[in-house]
Colleague: 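Mind looking over this structure? Questions follow.
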Amino acid sequence: MHVGYLRPLTQPDIPLVPPLRESATLSARLQESFDQRLSKGENHPLLWALNETFFREFWLSGASKLCADIFLIMTSYTLKYLIQFVADAYEAQHIPGAKVPPVGHGLGIVVGIAVMQGIASIAIGQFVYRGMVSGGQMRAALIGMIFRKSLRISARARAGGGGSLGPEGNEENKNNKTNKNTLPPAEGWTNGHVTNLMSTDTHRIDSVCAWFHLIWTSPITITLTLLILLINISYSALAGFALLLLSVPALGQVMRVLAARRRLMNKITDKRVGLTQEILLGVRFVKYYAWEESFLAQLKKLRSEEIRSAQFLLGVRSGVNAVGMIMPVFGAMLSFITYSLTGNALNPANIFSSLALYNSLRLPLNLLPVVMGQIADAWVSVQRIETFLKAEEIRDNREIQDMGDGIAVRIADGEFTWEKDPENTPNPMGRAGTSEAIVLKSEIKAAKKAAKEEKKATNKGPRGFGGSGTPAEDEKSSEPFKLQNINLAFEHDELVAVVGTVGSGKTSLLAALAGEMRQTHGLIHQASHLGYCPQNAWIQNASVRENIVFGKNFDLEWYRKVVYTCALQPDLDMLPDGDATEIGERGITMSGGQKQRINIARAIYFDAKIILMDDPLSAVDAHVGRHLFDEAICGLLKGKCRILATHQLHVLERCDRVIWMDAGTVKAIGTYEELMRSEEGFRTLVGEYGGEKEEGEEKASKDTRGSEDISDVNSLITPTTPTTPSEISEISSKIPSRKNAPPEKPHKLMQAEERNTSSVSWKVYKAYILASGTFFSAPGIILLLLLSQGANLMTTLWLSYWINDKFGLSNSTYIGVFASLGAAQSALMFAFAFWLTIAGTTSSKTLMAQAMERVLRAPMSFFDTTPIGRIINRFSKDVDVMDNNLTDAIRMYFFTLAMTSSVCILIVAYFPYFAIALFPLTILFYVAASYYRSSAREVKRHEAVLRSVVYARFGEAITGISTIRAYGLQSRFTSEVHTAIDAMDSAYFITFANQRWLSLRLDMIGNLVIFTTGILVVASRFSVDPAISGVVLSYILQTAMLTQWMIRQLAEVENAMNATERVHYYGTELPNEAPLHTNATVHLRPTWPEAGKIDLQSVSMRYRPGLPLVLNNVDLSIAGGERIGIVGRTGAGKSSVMTALFRLVELSSGNILIDGVDIHTLGLHDLRKKLAIIPQDPTLFRGTVRSNLDPFEEHTDAELWDALLKSYLVDDAPPPEIADGEITPTSATQQQRITLSTQVLDAGENFSLGQRQLMALARALVRNSRIIVCDEATSSVDHETDRKIQRTMREGFAGRTVLCIAHRLGTLWERGGVWRGMCERGGVKEEDFKVEGGWVGAGKE
């Protein structure tokens, strides 16, 4: 704290968590207890496991709370004797000859009250600290368990199916009745749901622990208070207590309603967070297609529902709070009225001691509804987490043991399946109230006729490589894809190729071997662990070296060999810090080829005995592909078991065996020669497509391609690859190692999170107030607070007037005014709380909308340098704090501040000398609070930043679960997450200690105030009316406890405003792209662009300031309707042309014109809406095929189905039954495997990369733009499908301008026509080379 007061704290200043509080230790203990209880079949195993694991500290907190309550009750009771002493002295002064009680008697009582108050303060400090620490430890342990489970959960459970783990870890009977609160989300455990469990649900469990014990200590406190009240005012106390007891059932009913509403709100929040995560993960694609406004509209709709639920929830809670605050007043009022009406004199000692006892119930009764609400929220969260932890886990029955028979992997009678959404059944009513499968007859006939003609022209090959690539056409669309009757054995030292059409099961077979498909039958035996290269390379937010080494010990020589083998050295030479360069989250700064080569390098460096490779050659250019095959697959990996799924048929001759897949089964297996002899379809296939040797591998004089040597073209693209040992040594010496690392500090790609080092700016408070809709909200709310507090003081003062009969009124008049003041106090308190709730949630909604819009409008450089987990943290945890915590903290802070201030004014009014003591005590109060806030603010900000690290680590890992599981690195990533949790908790636990430091000192000041007031009362016993002394003493006891509560709430407000500050920063300070719409668009022709002519004039571009130019003074003119091929090796600037055209990055200099219009003058939305793209790494969003093709319902189902037909995702059979002149719904038996209603999982993980590329083609067809950009759009499909797609592109994009970025020159000549353009190092190297009639000719340079 001293360091934090002198200067801003840095992370090294924060001490580490002690070993017993490390998250790994806590998670292990909690997991063990949970597993034991689950195996015994206990109800609520997670709840009781939490109780067992944290029993000592948690319940010691409760014991401290009970001790504090007892001493506080006794303090209020002792007040009776102090007031009686004052009354006796006052009467003796006014009655001649009466005996005056000795002053020592009064001083002794004051000292006793101060001592009891001090003991209560220490006990409350222990209660709060131990409760908070218990909550923090529970959160840490639960995050660890959730992450551990996310690495084990089965695909079926992720999709929302499967059972749950019961006794002995077995699946529970699905027919058993299940609490609806414990059911998994209907859409399954998506990454968004799991992230929400980790962030929001664990936070709610953490929050409830600090005040949980009020739920059982409050009844004990109330009972003890009742006993003492019976002593003070006899049975009249029962009347007030009856009122309190009658309110309990009503409170219980309200809490049940709140719990139900919280569950509903949780579902909405899950959807919002999940949609936000999907948008951010696919933000590049969202920008390409100009979907920002549409997705913002979706988010706005969800957010409006969420805010309505929050306002209802918090509004009801405000009413309950107002009732909780006023019930002690009404209880005291009813008791005193009963006491008076039964003929008893209102004695100041009895009355104000009883009033103090009722007031002591005010804080528990005010907090009790809040705590009950928190408990209801936490209970829902416990159930949700327990449901997730009980979800079905992967049951991989494989044995990992080398039997010495030469077999690396054996599958016997294997059957595997992907999963389906249990709710993904055909919806009888689709959009606009029509059947989802209904299409117009004329449209269906046209689509069917065109598709049949296409099929006749192209279906020359066998079934396995022709057609649509959608196996099992007669199956229902709701059935998931399956592998059936798999019997395979792979030897230790062989290379096995897996071939087949798109959707035939190649990727699925590798996923089954990697353990990602559910095994429904058969056995798998594996001799050792494996390495896995999936189609979509999973890249960590780390350096190139860290991504390759992947946690293994660093071996420089082996590393150098791997880098050379994977042709990465030229790429490392281009990077600013070589292999120490940060890649960026999801490899966002790397090309597809670079990511795939890092993916292969990781598998080789891992040195596994079994390597699975899912079409790794498709993302690289021809020369690099040959190098990878020669040096990696057949080089360093020689002697290992290599299983290669591929569309590159020219490599089959060099494979030991070939597996031919079709419709989820093995159609044939054998050596290349055996299949050529025995399989006519395979022979036809190789005859037609296998002759397409790798470009540059040989002259094509025997073909119809003429006599030109394609390698001449390749030499323009790629420098000669080193092959001699000396060349390898020369390259290796350039690779920096840890021992000879460059002295310069590597440039950090990921920027450090912004963190203010002073108190929250008044600018943020102003923005928060204005976001409520009007600046007058704040004055209005404060006015209501002052009025309610005035009514509170007047109620108590009126009681003193009634006791002394100050105005000579009748009893009924005093009672009527007394009751009216109480009712006014209640109404004003509710109005204050409700207005604050509405204003606060409106502000939260406005600020989040501004932040989300600003984030989506941020340039791509922001996403390149900011982890997605950090952004998600703002839109989950920080928004949750604004929605649910901030208004409660503001309400309690202003209430305690008003109460404390009004009591101090009251005391000074009757005891002027109190002002003398108040001044130094206020100075002490201010100094202690300022000293505390300096460090507390910084620690809280560190905790927020470190929490973002946890979110980033957690989120990144769960997106790469298949890779982590395949490599068997679950323990390593679990350890990394635990390390991040411990770093966060180090700041989190220090926050609690800081708060207790302040509380102890504020309690001392509060006790001094009580002591000072007591001394003044004793000293003024002859001059001040005992009734007034009773008013002051009853309030001062309450105020002493409210003082530290006020400071705690001030800290809570500032901490919550820190979350507001972070969201406000995103809403105001992030850099923005150019406007979505400009005035130039108004004057733009509606039909623009008519021709699609593109002119690049002296175009130069760099991705961020300080980086080298990626396009350097490029001049290029593309006629409308022309097809342009953009070729070049990785890093040459191919994709940069596309980036410039879409204005993802603004030009450094130069202009781009489309049909004579400078695109720089247009709004981004208006420009991008007119372009279409088929990216190399297509993005699919969770939903259906329909929602992915047309997310905003702008096209008919017939148009969408026609696009699916033309992209060969389905064959020519339409989904509906068509009768002449009628439109009828689809027959279940005629539905295809892929229909418009087919489910798409997170990131399209249930589709192969080839199918995703076909989906991107379908999107482009639906968009129907004049200019289309294809970024290696067919790299992951087989040659037959590729050829069909080329025909579709020729016909579907006829007359349109097409820019094709390609690694394979065959992609260009297969499309025919004239292609121009070649990139090298950011410029146009070659222009006008012609691809026509099967030959390539170089033109002018």
Side-chain angles (χ1 to χ4, degrees), residues 17-18 20-23 25-27 29-30 33-34 44 46-65 124-146 196-217 262 367-368 370-386 877 880-881 884-885 888-889 936 939-940 943-944 946-947 950 978 981-996 999 1045 1048-1049 1051-1052 1055-1056 1059:
V17 294
L20 290 177
R21 288 180 178 171
E22 289 181 350
S23 62
T25 304
L26 298 173
S27 290
R29 288 170 51 200
L30 182 60
S33 178
F34 175 76
H44 313 306
L46 181 58
L47 176 68
W48 295 114
L50 287 167
N51 179 65
E52 179 184 355
T53 306
F54 304 102
F55 182 88
R56 183 178 177 276
E57 194 148 36
F58 183 72
W59 289 106
L60 188 57
S61 167
S64 300
K65 177 67 172 72
I124 284 178
Q126 289 296 307
F127 152 64
V128 176
Y129 177 72
R130 293 186 180 278
M132 286 180 161
V133 169
S134 298
Q137 292 180 112
M138 287 183 190
R139 182 176 73 159
L142 286 170
I143 291 175
M145 286 181 68
I146 291 168
N196 211 25
L197 289 181
M198 180 272 297
S199 58
T200 305
D201 289 288
T202 59
H203 171 69
R204 287 182 181 144
I205 295 170
D206 173 16
S207 299
V208 79
C209 289
W211 302 101
F212 170 84
H213 296 291
L214 265 75
I215 202 73
W216 64 271
T217 58
R262 171 59 71 185
L367 287 176
L368 196 58
V370 177
V371 172
M372 290 174 71
Q374 287 182 339
I375 290 174
D377 293 347
W379 175 234
V380 172
S381 293
V382 167
Q383 289 177 303
R384 279 159 51 90
I385 294 173
E386 181 181 298
K877 176 63 166 58
D880 183 66
V881 168
N884 297 294
N885 297 0
D888 270 348
V939 171
K940 189 65 180 178
E943 189 265 331
L946 292 168
R947 186 175 66 241
V950 174
H978 282 307
I981 295 170
D982 289 339
M984 174 185 70
D985 281 349
S986 63
Y988 198 49
F989 292 154
I990 286 294
T991 300
F992 305 151
N994 280 0
Q995 290 174 355
R996 291 308 96 207
S999 295
W1045 182 248
R1048 171 169 166 68
Q1049 289 306 303
E1052 285 298 317
N1055 291 340

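Sequence positions, counted from 1, serve as the residue numbers for this chain. Computed from a prediction, not measured in an experiment: that's the story for all the values here.
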Colleague: From Ile981 CD1 over to Leu946 CG, what is the distance, rounded to the nearest 0.5 angstrom?
Modeller: 12.0 Å
Colleague: Could you tell me the separation between the CG atom of Asp201 and the CD atom of Glu386, rounded to the nearest 0.5 Å?
Modeller: 13.0 Å
Colleague: When you measure from the side chain of Ser61 to the backbone of Glu57, do you find a donor-acceptor pair of N or O atoms at a distance under 3.5 Å?
Modeller: no
Colleague: Identify the heavy atoms of Ser64 and Gln126 that sit nearest to each other, and give their distance.
Modeller: OG-CB, 3.6 Å
Colleague: Do Val208 and Asp377 make a side-chain contact, defined as non-hydrogen atoms from C-beta onward lying under 4.5 Å apart?
Modeller: no
Colleague: Give, for atom CD1 of Ile205 and atom OG of Ser134, the distance between the pair rounded to the nearest 0.5 Å.
Modeller: 13.5 Å
Colleague: Check for a donor-acceptor pair, side chain of Arg204 on one end and backbone N or O of Ala378 on the other, with a separation under 3.5 Å.
Modeller: no
Colleague: Do the rings of Phe58 and Phe212 sit parallel, tilted or perpendicular, given the 30° and 60° boundaries?
Modeller: tilted
Colleague: What are the two closest heavy atoms between Gly62 and Thr217, and how far apart are they?
Modeller: O-CG2, 4.1 Å
Colleague: Looking at every heavy atom in both Glu22 and Val17, which two are closest together, and how far apart are they?
Modeller: CG-CG2, 4.0 Å
Colleague: Mind running side chain to side chain contact (heavy atoms under 4.5 Å, CB included) on Asp880 and His203 for me, showing each step along the way?
Modeller: CA-CA 10 Å; Asp880 183 66; His203 171 69; 3.9 Å; yes
Colleague: Tell me whether the NZ or CZ atom of Arg139 lies within the 45° cone about the ring axis of Tyr988 and under 6.0 Å from its centre.
Modeller: yes
Colleague: Which heavy atom in Gln137 sits nearest to a heavy atom in Leu20, and how many Å separate them?
Modeller: OE1-O, 4.5 Å
Colleague: How far apart are the C-alpha atoms of Phe54 and Leu26, what are their side-chain angles, what is the distance that settles it, and do they pass the side chain to side chain contact (heavy atoms under 4.5 Å, CB included) test?
Modeller: CA-CA 9 Å; Phe54 304 102; Leu26 298 173; 3.8 Å; yes
Colleague: What's the spacing between Leu30 CG and Ser23 OG if we round to 0.5 Å?
Modeller: 12.0 Å
Colleague: For a side chain to side chain contact (heavy atoms under 4.5 Å, CB included) check, start with the C-alpha distance between Gln995 and Met132, then their side-chain angles and the critical distance, and finish with the verdict.
Modeller: CA-CA 11 Å; Gln995 290 174 355; Met132 286 180 161; 3.4 Å; yes
Colleague: Tell me the closest heavy-atom pair linking Asp985 and Gly136, and the distance in Å.
Modeller: OD2-O, 4.2 Å
Colleague: Look at the rings of Trp211 and Phe127 and say which category their plane angle falls in: under 30° parallel, 30 to 60° tilted, over 60° perpendicular.
Modeller: perpendicular
Colleague: Would you please test Arg21 and Asp982 for salt bridge (Lys or Arg N to Asp or Glu O under 4.0 Å) and show each step?
Modeller: CA-CA 8 Å; Arg21 288 180 178 171; Asp982 289 339; over 6 Å; no
Colleague: Aromatic rings His213 and Trp216: how do their planes relate, parallel, tilted or perpendicular, breaks at 30° and 60°?
Modeller: perpendicular
Colleague: Take Arg996 and Ser999, measure what side-chain hydrogen bond (donor to acceptor under 3.5 Å, both in side chains) needs, and give me the verdict at the end.
Modeller: CA-CA 5 Å; Arg996 291 308 96 207; Ser999 295; 3.1 Å; yes
Colleague: Hey, could you give me the CD1/CZ distance between Ile385 and Phe34, rounded to the nearest 0.5 Å?
Modeller: 10.5 Å
Colleague: For Lys65, run the side-chain contact (heavy atoms from CB on, under 4.5 Å) check against Leu214, Val128, Leu60 and tell me which one passes.
Modeller: Leu214
Colleague: Using modelled atom types and a 3.5 Å cut-off, is there a donor and acceptor pairing between side-chain atoms of Thr53 and backbone atoms of Leu50?
Modeller: no
Colleague: What distance separates Met198 CE from Leu142 CG, expressed to the nearest 0.5 Å?
Modeller: 12.5 Å
Colleague: Using the side chain to side chain contact (heavy atoms under 4.5 Å, CB included) rule, take Met138 and Asp206 through it: C-alpha gap first, then chi angles, then the decisive distance, then the call.
Modeller: CA-CA 7 Å; Met138 287 183 190; Asp206 173 16; over 6 Å; no
Colleague: For Gly144 and His978, which heavy atoms make the closest approach, and how far apart are they?
Modeller: CA-CE1, 3.6 Å
